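Below is one structure, written out as structure tokens; comments come after it.
This one's a predicted model, so the numbers in the text were calculated from it and none came from an experiment.
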Amino acid sequence: MSARIPEAQRMDRGAPAHAAAPQGRPREPRFPFGENWLRLLEHVDEERVRIAERSLRETLGIDDLSGRTFLDAGSGSGPFSLAATRLGAARVHSFDFDPDSVACTRLMKERFAPDLETWTIEAGDVTDAAYCASLGGFDVVYCFGVLHSAGAMWQALDNLVGTVASGGLLFVSIYNHQGRTSKRWRRVKRLYNRLPNRLRPLFAATVWLPFEARYAAYGLTHEPRTYLRTWTRRDRGMSKWHDIVDWVGGYPFEFARPEQVFDRCRAHGLELVGLATVRGRSACNEFVFRRSTGSAACAD
């Protein structure tokens with residue numbers, strides 16, 4: 001499959017070049033997430049889609065989504081929107097701030113579910129309170145690895161909470177707060193996005209090489225097949241190189257301790273029903289919250 005964006009779907013390619021910034025502060029560079037997804041899309045096949053389906057079931061603790069509405073906030077390349085449709089969701093709505101990501105999700109739909117009218121896709125900003133309020137409520141709100149790159153993480157989380165219907169589930173993943181380590185990674189990510197495009201792959205490879213050398217030394221010694229497979233298949237249907245580029249370059253970059261996320265969502269009337277922490281590592285903590293039946297989002 002060619003991942004070239006049709007002209008009609010290109011939209012404004014320059015729009016996401018900088019992150020939104022509070023008034024009075026200069027704009028920061030933004031990692032082109034959508035361009036990375038387009039390169040990944042060339043490798044998406046049925047096996048990767050099945051991996052995404054399995055990941056979604058395990059993440060939510062639900063075998064199917066029959067009769068439920070599903071919001072994919074920051075859809076990226078669209079695999080989890082597609083997975084939700086295959087798990088029986090009655091309606092799926094995907095949105096992303098990056099126009100290339102929107103186009104990528106549309107290409108995913110055209111390839112795997114071209115006639116599915118219950119899956120809608122559009123451009124949208126999770127930091128835009130008015131936009132999020134216009135979406136209404138969903139039974140399942142899914143947001144993997146998006147809020148910490150939105151440029152205003154807590155505002156984005158507050159907005160997203162408002163889209164969870166009574167009795168609905170919210171899944172979010174947010175980078176773990178590691179103190180000085182997280183601040184150093186933020187500087188690395190900012191530098192990546194200030195480099196000329198031609199130097200970025202080399203920079204990403206150089207930054208990641210010490211980590212990969214350790215993984216390879218252990219993997220090739222103890223579990224060579226398992227290690228080699230990480231370069232061809234990933235748990236969430238992604239690819240390792242695209243994950244590396246996404247990690248080294250992913251900016252804006254915010255982070256939070258698990259208790260901060262828990263307290264924020266509890267203040268909005270949500271109950272924590274699932275938690276997977278990374279135990280202090282540089283990765284995302286994953287949360288599943290449920291809104292009690294009959295409750296509404298709480299105002300700040």
Residues in side chain to side chain donor-acceptor pair (under 3.5 Å) contact with W247, at least two apart in sequence or another chain: none
Would you say [X] and [Y] make side-chain contact, with heavy atoms under 4.5 Å?
{"X": "S77", "Y": "R48", "value": "no"}
{"X": "R264", "Y": "Q260", "value": "no"}
{"X": "F97", "Y": "V126", "value": "no"}
{"X": "V288", "Y": "L169", "value": "yes"}
{"X": "R186", "Y": "Y175", "value": "no"}
{"X": "R68", "Y": "I62", "value": "yes"}
{"X": "F203", "Y": "L191", "value": "yes"}

Should [X] and [Y] be counted in the same cluster of Ile, Leu, Val, Met, Phe, Trp and Tyr side chains packed under 4.5 Å apart?
{"X": "L195", "Y": "V248", "result": "yes"}
{"X": "L209", "Y": "V207", "result": "no"}
{"X": "V146", "Y": "F171", "result": "no"}
{"X": "L275", "Y": "L157", "result": "yes"}

[atom1]/[X] to [atom2]/[Y] distance, rounded to the nearest 0.5 angstrom?
{"X": "N176", "Y": "S182", "atom1": "CG", "atom2": "OG", "answer": "6.5 Å"}
{"X": "F70", "Y": "L60", "atom1": "CZ", "atom2": "CG", "answer": "6.5 Å"}
{"X": "W241", "Y": "W208", "atom1": "CH2", "atom2": "CH2", "answer": "11.0 Å"}
{"X": "F95", "Y": "S101", "atom1": "CZ", "atom2": "OG", "answer": "12.0 Å"}
{"X": "Q155", "Y": "L160", "atom1": "CD", "atom2": "CG", "answer": "12.0 Å"}
{"X": "D115", "Y": "E110", "atom1": "CG", "atom2": "CD", "answer": "11.0 Å"}

Residue pair S75, M108: steps toward the side-chain contact (heavy atoms from CB on, under 4.5 Å) verdict: CA-CA 11 Å; S75 56; M108 181 76 78; over 6 Å; no
Derivation and outcome, side-chain contact (heavy atoms from CB on, under 4.5 Å), residues W154 and N159: CA-CA 9 Å; W154 295 117; N159 294 343; over 6 Å; no
Flag if over 12 foreign heavy atoms under 6.0 Å of CD, E259: yes
Within 6.0 Å of CZ in R57, more than 12 heavy atoms from elsewhere: yes
Pairs touching residues 163-177 that satisfy salt bridge (charged side-chain N to carboxylate O under 4.0 Å, His left out), sequence neighbours left out: none
Within residues 73-96 or reaching into it, pairs that qualify as salt bridge (charged side-chain N to carboxylate O under 4.0 Å, His left out) - sequence neighbours excluded: E46-R86, E53-R86
Option passing ring-ring contact (aromatic ring centres under 6.0 Å, His included) with W185 (candidates F255, F253, F211): F211
Could you tell me whether a side-chain N or O of [X] sits under 3.5 Å from a main-chain N or O of [Y], the two making a donor and an acceptor?
{"X": "S55", "Y": "A52", "answer": "no"}
{"X": "D98", "Y": "G34", "answer": "yes"}
{"X": "T163", "Y": "G137", "answer": "no"}
{"X": "E271", "Y": "R290", "answer": "no"}
{"X": "R291", "Y": "H268", "answer": "yes"}

Option among L82, L71, T85 that satisfies the side chain to side chain contact (heavy atoms under 4.5 Å, CB included) test with V92: T85
If you take all heavy atoms of [X] and [Y], which pair is closest and at what distance?
{"X": "R200", "Y": "R194", "value": "NH2-N, 4.5 Å"}
{"X": "F112", "Y": "P114", "value": "C-CD, 3.6 Å"}
{"X": "A84", "Y": "L56", "value": "N-CD2, 3.8 Å"}
{"X": "A283", "Y": "V278", "value": "CB-CG1, 3.5 Å"}
{"X": "G249", "Y": "N193", "value": "O-ND2, 2.8 Å"}
{"X": "F33", "Y": "S149", "value": "CZ-OG, 3.6 Å"}

Donor-acceptor pair between T277 and N285 side chains, under 3.5 angstrom: no
Pair S94-S81, side-chain donor/acceptor within less than 3.5 Å: yes
Aromatic centroids of Y192 and F31 separated by under 6.0 Å: yes
Qualifying residue, where the test is side chain to side chain donor-acceptor pair (under 3.5 Å) with Y251 and the options are K189, R190, R30: R190
Steps toward salt bridge (Lys or Arg N to Asp or Glu O under 4.0 Å) verdict (R266, D263): CA-CA 5 Å; R266 182 175 60 179; D263 289 342; 3.3 Å; yes
side-chain contact (heavy atoms from CB on, under 4.5 Å) evaluation trace for V102 with I121: CA-CA 7 Å; V102 175; I121 303 163; 4.1 Å; yes
Intermediate values then yes/no, side-chain contact (heavy atoms from CB on, under 4.5 Å), D72 and F80: CA-CA 7 Å; D72 192 356; F80 294 95; 4.2 Å; yes
